[in-house]
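Heads up: the structure comes next, in structure tokens.
All values below come from the heavy atoms of this structure, side chains included, with hydrogens, waters and symmetry mates left out. All values reported here derive from a predicted model rather than from experimental measurement. Order of the sequence lines sets the chain letters (A, B, ...), proteins ahead of strands, with each chain counted from 1.
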Amino acid sequence: MSVNTEWKPKIVAFCCNWCSYAGADLAGSSRLSYPADVKIIRIPCSCRLNPLFILRAFQRGADGVILCGCHPGDCHYSTGNYYARRRMTLLFSMLSYLGIDSRRTRVEWVSAAEGPKFAATMNDFAKTITELGENVKLGDLRCKEN
Amino acid sequence: MQKIGVFVCWCGSNIAATVDVKAVANALRSEPGVVFSTEYQYMCSENGQNLIKDTIRDYKLDGIVICSCSPRMHEATFRKTALAAGLNPYMVEIANIREQVSWIHKDMTEATDKAIVLGRAAIAKVKKNAPLTAGTSPVTKRALVIGGGIAGIQTALDVADAGYEVDIVEKSPTIGGRMAQLDKTFPTLDCAACILTPKMVEANQHENINLLTYSEVESVSGFVGSFKAKIRKKARFVDEVKCTGCGVCTEKCPSRKGLNEFNMGLNTRGAVYIPFAQAVPNKAVIDASNCIHFRTGKCGICEKNCSAGAIKFDQQDEIIERDYGAIVVATGFKPIDASAFDEYAYNQSKDVVTSLEFERLMNAAGPTKGTLLRPSDGEHPHEIVFIQCVGSRCSRDASKGKEYCSKICCMYTAKHAMLVREKYPDTKVHVFYIDVRTPGKNFDEFYRRAVEQYGVDYIKGMVGKVTVEGKKLRVQGSDLISNEQVHIDADMVVLATAIEPDPTARSIGTMLTASMDTNDFFTEAHPKLRPVESPTAGIFLSGVCQGPKDIPETVSQAGAAASKVIGLLSKNELVGNPCVAHANELLCNGCSQCERVCPYGAITYVEKEVRGPEFRGTKRVAVVNEAVCQGCGACTVTCPSTAMDLKGFSNNQIMAEVDAICR
């Protein structure tokens, strides 16, 4: 497939503070590389991720959004990731209905000890998004600042 | 317009080698609102912090962004720096350009570009930050210890000696736990009762310790420093104050159906009983399910014979509500059910016993008064086989056993073997083992003594089957060293059963929101650095509830837990986390959805007078208890009217970061 060499995907990764953000730190201190297209936003818990943030990201030109949280049963707040899992299941099916390819959205559980998994997840997700190319859906809603 | 300062750290060469820090500082200087931007070798150093402080004062900054290592590393440092310069510590944001940029990217252009984007996101966020002030909450200077075994007793004694009140809640009628059931203890072979019972008495007599035996914790609410527990003191049907512990009632009781729990059910006891001679408190208790009076309304022999008038058939359960600053879990263990191991004929023969049952058979206060006799016919055994790892290190069939090593079995089996050989030198003793694990002070020497001095026959291998052959137990196993099949016709077989957390642990863990592993052992806050604290603040772990351990280790851990409790109780107040949820009363529609998702019960609803531009009057609104809220944000997403927001991670702040990244 032809990919514009100028084009770089925009990937937003929401990471919970306790597991996945620490997992990303471990990936960093282990020097495990993943594409610079991935930008991390720290949230206290995966359940803090408002579906509106994901919609906003796609409206503003994101090509992929991934949520990382503690493994089921390991949530620092006991149940937060269960809420996140249910909300994302619903949201992703709605986004898919709207035409956002379901491969552009993902939820992964990454613990603070899983630096290699964090890097591998980001590499795989970035590869998928790069192959999918630019996200044009919700483009009419895009309000890019010029 | 807000005035923002940006500080880009080199982290020596950690960042500067891959990120063009000057270019980052220059790029961020042109962001709207940024009035100052610079880079420096080590921002966290004293000079770096002074640079930040001076700039905050000179430029009268409203917020700062530090482009440096992970906020998990130095967020607290830079917040303190800001505070020292008179800036609210929550007006600080960190762009993680080390772990997320310089350490994982090699291309300088790419890394510099990413660092600029992360810096922009942090600037966008800090512009939406609001000054926050952490609340404080008082500390109730009393500890609750759940479980009255050696772990609970030791923790309670240490905390009480430091001058704080402690309540021990024990579900059985006496404290003492598993250690009270043991005969001798390894590696010194001193008797368990001789070293434990003085501690039990001390706990009972300590002015700062309050024993609540035959009691269970029913519910716990609150948070670190201010827990509220509801404790059910079960009816003993005996007035504890009047009972003198003379034991006349226990002798006269005509019901003999109750299995003696202390002797692992090897004999029976009366319906009214004292668990054992050294029980603390030494008070009788009536087991209503076996009592003739409770079943038929007749009998009452104990009541007639009690000269103290202590029998109270109409006694009711009592609910006690008390406040605590800290809670220690010391719920201990039990041996797993050996009946699942059919291959060892545990269900077919009374002469196949577990190690804890064997412990009672060897004990002077046990059912045989310390004479080792076969439970089936009361005859003296002449050949005994010990089987180790029954249910431990059992990955094949985890439904039957446990994957972990129970840690204490190698040592107590060596002890049993040694005690048998010492008391009855004519008895042959064989031990089947997978590995002998004896890492502990004087432990390996102890095991070597069993082999070399006492002539215990250690066979490396597994037992395949035990079958009942008349009066004998045929043990079929393999000797892995000689590579031969072994058949032994034994008189008794002793199973070193795995240990597992007490069955009440799971419900207590749920009650305390303290996390547990898949085996129901409590999880520590950090496996190496915080081994006696639960991840839930104010909950501490003592003894086997956290993982298998022997008595010396349990006592050390109990003391460590106590020192953590003392550290907490010595504070007058605790500083909370100001990043908590907050409801906008004008937007709140009173739907209660946030209340339902809150894992801490921090949200309540009140009828309140609300005044705003579009609404004036009384309405039902959500109120967040800031001391209870932990700041997860579950409520903020659930709220259908966007009334609920999280301070420090508000909708506007996160949205600003999204916009900055996707720009």
A:Tyr83/B:Val597 under side-chain contact (heavy atoms from CB on, under 4.5 Å): CA gap, chis, key distance, verdict: CA-CA 8 Å; A:Tyr83 289 120; B:Val597 299; 3.5 Å; yes

side-chain contact (heavy atoms from CB on, under 4.5 Å) between A:Ile41 and B:Val658, intermediate numbers included: CA-CA 8 Å; A:Ile41 294 180; B:Val658 171; 3.8 Å; yes

Test side-chain contact (heavy atoms from CB on, under 4.5 Å) applied to A:Arg48 and B:Asn651, step by step: CA-CA 9 Å; A:Arg48 177 64 188 97; B:Asn651 290 331; 2.9 Å; yes

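Only the backbone of B:Ser650 comes within contact range of chain A, with at least one heavy atom under 4.5 Å from a heavy atom of that chain. For a residue to count as touching a neighbouring chain, one of its non-hydrogen atoms must lie under 4.5 Å from one of that chain's; by this rule B:Asp645 touches chain A with the side chain only. Looking at A:Val65, there are no atoms closer than 4.5 Å to chain B (heavy atoms on both sides), in backbone or side chain. Interface residue B:Ala634: backbone and side-chain heavy atoms are both found under 4.5 Å from chain A. Using a 4.5 Å cut-off between heavy atoms, A:Ile43 touches chain B through backbone and side chain atoms alike. Interface residue B:Ile661: backbone and side-chain heavy atoms are both found under 4.5 Å from chain A. With a 4.5 Å cut-off on non-hydrogen atoms, B:Val101 does not touch chain A at all. In this structure, no portion of B:Thr518 lies under 4.5 Å from any heavy atom of chain A. Of the two parts of B:Asp107, neither the backbone nor the side chain holds a non-hydrogen atom closer than 4.5 Å to a non-hydrogen atom of chain A. A:Arg42 touches chain B through backbone and side chain together, each having a heavy atom under 4.5 Å away.
For the options A:Leu52, A:Leu26, A:Asn17, heavy-atom pairs under 4.5 Å to chain B are most numerous at A:Asn17. Of all the listed residues (B:Gln630, B:Glu657, B:Gln100), the one sharing the greatest number of non-hydrogen pairs under 4.5 Å with chain A is B:Gln100. Ranked by heavy-atom pairs under 4.5 Å with chain A, the first of B:Leu118, B:Thr523, B:Leu646 is B:Leu646. Between chain B and the options A:Ala119, A:Ser30, A:Ser29, A:Cys16, heavy-atom pairs under 4.5 Å are most frequent for A:Ser29. Ranked by heavy-atom pairs under 4.5 Å with chain B, the list A:Ala36, A:Pro51, A:Gly80 is led by A:Ala36.
At distances below 3.5 Å, not a single donor-acceptor pair connects side-chain atoms of B:Lys114 with backbone N or O atoms of A:Pro35.
Nearest heavy-atom pair, A:Cys45 versus B:Cys632, reported as atom, atom and distance to 0.1 Å: CB-O, 3.5 Å. Of all non-hydrogen atoms in B:Ile104 and A:Leu32, the two that sit nearest each other are CG2-O, 3.1 Å. B:Trp103 and A:Gly28 make their closest contact through CB-O, 3.3 Å (heavy atoms, listed as atom of the first residue, atom of the second, distance). Closest heavy-atom contact between B:His105 and A:Tyr34: CE1-O, 2.8 Å. In terms of heavy atoms, B:Cys662 sits closest to A:Val12 at SG-CG2, 3.8 Å.
If you take CG on A:Leu49 and CZ on B:Phe649, they are separated by 13.0 Å, rounding to the nearest 0.5 Å. The CD atom of B:Glu99 sits 8.5 Å away from atom CZ of A:Arg31, with the distance rounded to the nearest 0.5 Å. The distance from atom OH of A:Tyr77 to atom OG1 of B:Thr536, rounded to the nearest 0.5 Å, is 11.5 Å.
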